[in-house]
There are 2 protein chains.
Amino acid sequence: MITLLSIMIQNINTTPRASRPDLLAILEDQGYRPTNQRRDVVSLLERKGEGFTVEEVSGELPEVGRATVYRTIKLLLKAGVLCKLALPDGAPKYIMARAEHHHHTVCVKCGTVGEFRDTTVERVLRAVGAEIPGEIVGHRMELYLVCLDCQDRPEG
Amino acid sequence: MITLLSIMIQNINTTPRASRPDLLAILEDQGYRPTNQRRDVVSLLERKGEGFTVEEVSGELPEVGRATVYRTIKLLLKAGVLCKLALPDGAPKYIMARAEHHHHTVCVKCGTVGEFRDTTVERVLRAVGAEIPGEIVGHRMELYLVCLDCQDRPEG
DNA sequence: ATAGATATTGATACAAAGTATCATTATGTG
DNA sequence: CACATAATGATACTTTGTATCAATATCTAT
Ligand SMILES: [Mn+2]
Ligand SMILES: [Mn+2]
Ligand SMILES: [Zn+2]
Ligand SMILES: [Zn+2]
């Protein structure tokens, strides 16, 4: 059984992010107007690599109303270009999404977010879902870890 | 491969909850004092089968301070007898935990929570973790579904 | 049983992460 | 340009908690 599994676990993707899409264009394609505020928000997000909180984005954009930052991020979430994930205590964190379905790792020490995708997990989850009464409409999964940097760092 | 998987997915547990433990005794064992307020809270929780929110519990116990309800639930979480899980929008929900590691299903229509445990998922997750840099310290996983009752119910 | 040490409580305030209102402003369209 | 509509931002409000701290309950030792 262990042998079988080790064969099956072969395709973990942790590839770097591909060329970033034009988020404003994506919003326009959905019929939303390209306002200066939305331009400001997406431009900041396009430069942010790791995860971020909305308050952090809002703090860096004092010229854009807080509600508008939330509204824009909600649109991007709905468009699927952002993911909302949860730290172990439930605190929300956002990150740019890749096109394909994937999941995240979160360092419990420093909060750094990573991505991974593994078809075996997905297939097993589908199989599990088939055994459970009701129609599966989605799932959520996060792996919590202590990243290499935080392992090196002395205790704080 | 499909055949293999269907063989491997053999041990999904959705067994009904076993005899409930004495929550107050668990708290006492950890050195916490058995106060009337804690008695009230755990006694209510022991009668609650499905998921609940803290505000809901607090609302049903007007004689216990809101902060104390939160504090008690936090103790039970730390003791491992409660699970905190997240609806798709991130809204928190609590449920009595079983002793063994497991995960939850949540109906996206009515919010009903179910439990499941599957060793294959766990093994695959461990294998995935082994491929990821850093030391895995935990994971979170929820399956979202439309339960049978909600499938039957006409659109609301 | 009483006293003193300590844990717990509850009222209140505060915080984080949003959402609802609604008058004002910007944008797109003809 | 004119008008309809979409978007904004200030503000208030909501939800899910946590921090303070004086008052109270509980435990322990005498
Ligand atoms: Mn997945
Ligand atoms: Mn698990
Ligand atoms: Zn780290
Ligand atoms: Zn349901």
Side-chain angles (χ1 to χ4, degrees), chain A residues 23-45 51-79 82-95 106 111 113 140, chain B residues 23-45 51-79 82-95 106 111 113 140:
Chain A
L23 300 187
L24 195 67
I26 290 176
L27 291 183
E28 278 197 78
D29 289 349
Q30 318 234 335
Y32 299 110
R33 293 177 180 177
T35 65
N36 291 331
Q37 292 89 336
R38 285 174 179 160
R39 227 180 299 273
D40 288 349
V41 171
V42 302
S43 148
L44 178 57
L45 294 191
F52 53 86
T53 66
V54 182
E55 294 299 329
E56 177 189 333
V57 170
S58 184
E60 294 179 37
L61 294 174
E63 75 275 18
V64 178
R66 209 174 68 97
T68 294
V69 174
Y70 273 102
R71 285 190 281 239
T72 304
I73 285 181
K74 200 181 197 179
L75 292 181
L76 294 171
L77 269 180
K78 202 166 37 166
L82 280 187
C83 289
K84 181 178 181 178
L85 52 140
L87 302 190
D89 66 351
K93 193 157 193 178
Y94 295 83
I95 191 169
V106 185
V113 174
R140 166 197 287 266
Chain B
L23 299 187
L24 195 66
I26 290 175
L27 292 183
E28 278 197 78
D29 288 349
Q30 319 236 334
Y32 299 110
R33 294 175 178 177
T35 65
N36 291 330
Q37 291 89 338
R38 286 176 179 157
R39 227 180 298 273
D40 288 350
V41 172
V42 302
S43 145
L44 177 58
L45 294 191
F52 53 86
T53 66
V54 182
E55 294 300 330
E56 177 188 332
V57 171
S58 183
E60 294 180 37
L61 295 173
E63 75 276 17
V64 178
R66 210 175 66 98
T68 295
V69 174
Y70 273 103
R71 286 190 281 239
T72 304
I73 284 180
K74 200 181 196 180
L75 293 181
L76 294 171
L77 269 180
K78 202 166 39 165
L82 280 187
C83 289
K84 181 179 182 176
L85 53 139
L87 302 189
D89 69 350
K93 194 158 192 178
Y94 296 82
I95 190 170
V106 185
V113 174
R140 167 197 288 265

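Chain letters run A, B, ... following the sequence lines, proteins first, then strands; residues in each count from 1.
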Measure from [atom1] on [X] to [atom2] on [N] and round the result to the nearest Å.
{"X": "B:Leu82", "N": "D:dG17", "atom1": "CG", "atom2": "P", "value": "12 Å"}
{"X": "A:Glu56", "N": "C:dA17", "atom1": "CD", "atom2": "P", "value": "10 Å"}
{"X": "B:Ile73", "N": "C:dT8", "atom1": "CD1", "atom2": "P", "value": "17 Å"}
{"X": "B:Leu77", "N": "D:dT16", "atom1": "CG", "atom2": "P", "value": "15 Å"}
{"X": "A:Leu61", "N": "D:dT8", "atom1": "CG", "atom2": "C1'", "value": "14 Å"}

Exercise for the section: Can you measure from CG (A:Leu44) to OG (A:Ser58) and round to the nearest 0.5 angstrom? Expected result: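 A:Leu44 CG to A:Ser58 OG: 10.5 Å, rounded to 0.5 Å.
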Completion exercise
Symbol by symbol from the 5' end, with Watson-Crick or G-U pairs under 3.5 Å, [ ] crossing and | another strand, DNA chain C is ||||||||||||||||||||||||||||||
Problem - Side chain proximity check, B:Lys84 to B:Lys93, heavy atoms < 4.5 angstrom - result: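 Not in contact.
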Practice task
With the side chain counted from C-beta on, respond yes when B:Tyr32 and B:Ile26 share a heavy-atom pair under 4.5 Å apart, and no when they do not.
Solution key: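 When only atoms from C-beta onward are counted, B:Ile26 and B:Tyr32 do not touch, as no gap falls below 4.5 Å.
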Practice task
Can you check whether any acceptor in the base of C:dG18 is under 3.5 Å from a donor in the side chain of A:Arg71, or vice versa?
Solution key: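 There is none.
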Practice task
Return yes if the base of C:dG10 and the side-chain atoms of B:Arg66 contain a donor-acceptor N/O pair under 3.5 Å, otherwise no.
Solution key: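 In this structure, the two groups form no donor-acceptor pair.
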For nucleotides 26-30 of chain C, give me every protein contact, N/O to N/O, under 3.5 Å, one pair per line with atom names.
{"residue": "C:dT27", "atom": "O2", "partner": "A:Arg33", "partner atom": "NH1", "Å": "3.0"}

With a 4.0 Å limit, can you tell me whether [X] has a side-chain N or O closer than that to the phosphate oxygens OP1/OP2 of [N]?
{"X": "A:Arg38", "N": "D:dT8", "value": "yes"}
{"X": "B:Lys74", "N": "D:dT18", "value": "yes"}
{"X": "A:Tyr94", "N": "C:dG18", "value": "yes"}
{"X": "A:Lys84", "N": "C:dG18", "value": "yes"}

Exercise for the section: Provide the closest heavy-atom pair for B:Tyr94 versus B:Val54 in the form atom of the first, atom of the second, distance. Expected result: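 Closest heavy-atom pair between B:Tyr94 and B:Val54: CE1-CG2, 3.4 Å.
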Do side-chain atoms of [X] reach the backbone of [Y] as a donor and acceptor pair under 3.5 angstrom?
{"X": "B:Arg39", "Y": "B:Pro34", "answer": "yes"}
{"X": "B:Arg140", "Y": "A:Arg140", "answer": "no"}
{"X": "A:Glu56", "Y": "A:Thr53", "answer": "yes"}
{"X": "B:Arg33", "Y": "B:Glu28", "answer": "no"}

Taking the minimum atom-to-atom distance to the side chain of [X], which one of [options] wins?
{"X": "A:Pro92", "options": "C:dG18, D:dA19, D:dG17", "value": "C:dG18"}
{"X": "B:Tyr32", "options": "C:dT8, C:dT9, C:dA17", "value": "C:dT8"}
{"X": "A:Tyr70", "options": "C:dG18, D:dT18, D:dG9", "value": "C:dG18"}

Practice task
Answer with base, sugar-phosphate or nothing: what part of the nucleic acid does A:Glu63 contact at a heavy-atom distance below 4.0 Å?
Solution key: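 Result for A:Glu63 = sugar-phosphate.
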Listing, residues 61-78 of chain B side-chain donor-acceptor contacts under 3.5 Å, not counting sequence neighbours, or none:
{"residue": "B:Arg66", "atom": "NH1", "partner": "B:Glu55", "partner atom": "OE2", "Å": "2.6"}
{"residue": "B:Thr68", "atom": "OG1", "partner": "B:Arg71", "partner atom": "NH2", "Å": "3.3"}
{"residue": "B:Tyr70", "atom": "OH", "partner": "B:Glu55", "partner atom": "OE2", "Å": "2.7"}
{"residue": "B:Thr72", "atom": "OG1", "partner": "B:Thr68", "partner atom": "O", "Å": "2.8"}

